[in-house]
Undergrad: 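There's a structure below that I have some questions on.
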Amino acid sequence: MKSILTIENLSKSFTLHNLNKHIRALDRIDLDVKEGEFVGITGKSGSGKSTILKSIYRTYAIKGGDIWYASKKFDRINLAEASERQIVYLRKHEIGCVSQFLNVMPRTTARELVEQAIAEMGSSEDAAMREAEKMLAHFELDEELWDSYPATFSGGEKLRLNIAIAMAKRPRLLLLDEPTASLDNSSKIKVKILIEQLMKEGTTMLGIFHDLEFMKNLCTREYRIQDGKFLPGGNVVS
Amino acid sequence: MNDFESPILSVKNLNKQYGAGCGHCRTGDEERLMKNYCPKCGTVYACRHISFDLYPGEVFGIVGESGSGKSTLMQCLYFDQDVTGGEAYIRTYKNGEVNLFGESSQQKRHIRNHQMGKVYQNPVLGLRMGFSSIGNIAEKLIAAGSRNVGAMEGRGRTLLEHVNIPVRRMKEPPKNFSGGMQQRVQIAKALSNNPPILLLDEVTTGLDLSVQASVLDLIKKLQRQLNISIIIVSHDLGVIRMLADRTMVMLDGRVIEYGLTDQILEDPQHRYTQQLVHSLL
């Protein structure tokens, strides 16, 4: 199968000027994700899991190494060197990211948020409206909530909306940054069902989960990370 | 790297200085300056070698402390001030082949009226406070060549409705209005001639929180509906976070950092940006 994401020699450090500190977060990481896979990254907190995802999404500036992504629009592109406008395009159209925090425009209803996400992909207003309702129902968000502001939602509702927004775009690559960290069991199960559906639909995913049990049943391969390096033999097929 | 789209506005090596400079500072050796001025002759280098591109439909943020040159840059772009050096090109003006700063003052007026709209922090600068609100819009329409009173009134109504000013108050002068309303009239005026570029200079500074929210919501709505390109200057990182895809950080007249807005906020590189972002928490 073809690789959708190939990371070579990725290093990342943080220089904190006021504290006069230099923190090494990732040390020459190699990682490969094939189309349709669900790859998990496990490790203690502080080991560099999120840093990998944030580097791919370019929330972090990359200091060394290459992140090759097989884009539909740009063909093979190095995310470490892509222009900011290219990254903006990819975030809108190809690469999604879900974390446990809902980070959306304030004073916008759940329905509008999903509609806007779909409209950004170039759908007509009508089509976006219909598709948004489908997504909200699909993600089992109470109809009463569709026209209210997410700031008033519970943790589980926020997360499901978060995934709905990311999924509405049908990204080719979805990054999951501990999306289930603060959820109760029944919400976790709902998220799990959604992830399984996405896998069936062919979305490639790269995720970090706190809950190892949860992840083990889902992912096709697993990398183990410690102190910014992958453990030897950590690339386990589960 | 970025040839999949072309910028609507390109600014190249823009410089603005106050004062003639002297033998000490003219060498271009920036080490000789104290912050942004020359300790020998007092010349202030307000904008130094500023280059950036603005793309269609994007919101581009500019942050920096007071005195960093943000507003001077905006004034130069809108020809409120003459530049000392540098170039700017707009794709929809003469095919983007002519440096705007080299044009005659007549042409510059034309560019101001057709290619750009600007909203100032202080409404007094952007509006005639004693004229009616619709008259303010008509002024901009007339400047762009409109002569039909009925058409202008229709356009004025549409614009004021767009920015949520009740039409029954359109004949009132902005001096009767609250700060938030004045800002909204300014936005309507700036949009009069459907410019491709909108310059927003600290538009929400000094407004109370709920009014600030309504102005920001309006900007977001306009950007989505009109697909206009916006440069927004603010020292409020919350405003930038909410609106801008890309951001540039200025200090002492220079650009010290460019990046995706979330990268600037979560992984700032420059010492000053780190200080700025950490001040937020």
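Chain letters run A, B, ... following the sequence lines, proteins first and then strands; every chain starts at 1.
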Undergrad: Under 6.0 Å between the ring centres of B:Tyr45 and B:Tyr37?
TA: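 Here the rings of B:Tyr37 and B:Tyr45 have centres that are no less than 6.0 Å from each other.
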Undergrad: Is A:Lys21 positioned over the aromatic face of A:Phe14, cation under 6.0 angstrom from the ring centre and no more than 45 degrees off axis?
TA: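 Judged by the rule, A:Lys21 and A:Phe14 form no cation-pi pair.
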Undergrad: Give a yes or no on whether the ring-centroid distance for A:Phe74 and A:Tyr69 is below 6.0 angstrom.
TA: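 No.
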Undergrad: Between chain B and each of A:Lys54, A:Lys73, A:Met105, A:Arg58, count heavy-atom pairs under 4.5 Å; write down the option with the most.
TA: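 Heavy-atom pairs under 4.5 Å are most numerous for A:Met105.
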Undergrad: Taking ring-ring contact (aromatic ring centres under 6.0 Å, His included) as the criterion, tell me which of B:Tyr55, B:Phe52, B:Tyr258 meets it with B:Phe60.
TA: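 Only one option passes, and that is B:Phe52.
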Undergrad: Non-hydrogen atoms of chain B under 4.5 Å away: do they reach the side chain of A:Thr15, the backbone, both or neither?
TA: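 The backbone, not the side chain.
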Undergrad: Quick check against the 3.5 Å criterion: does B:Gln183 have a side-chain atom that pairs as donor or acceptor with the backbone of B:Gly180?
TA: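 Side chain of B:Gln183 to backbone of B:Gly180, a donor-acceptor pair under 3.5 Å: no, none is there.
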Undergrad: Can you tell which of A:Tyr57, A:Tyr89, A:Tyr60 has the highest number of heavy-atom pairs within less than 4.5 Å of chain B?
TA: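 Most pairs with chain B among the choices: A:Tyr60.
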Undergrad: Below 4.5 Å from any heavy atom of chain A, which atoms of B:Arg271 appear? Answer side chain, backbone, both or neither.
TA: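 Contact with chain A: backbone and side chain both.
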Undergrad: Based on non-hydrogen pairs under 4.5 Å, which of B:His270, B:Gln269, B:Gln275 is most in contact with chain A?
TA: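 Option with the top pair count is B:Gln269.
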Undergrad: What part of A:Gln116 gets within 4.5 angstrom of chain B, counting heavy atoms only: side chain, backbone, both, or neither?
TA: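 The answer is the side chain of A:Gln116.
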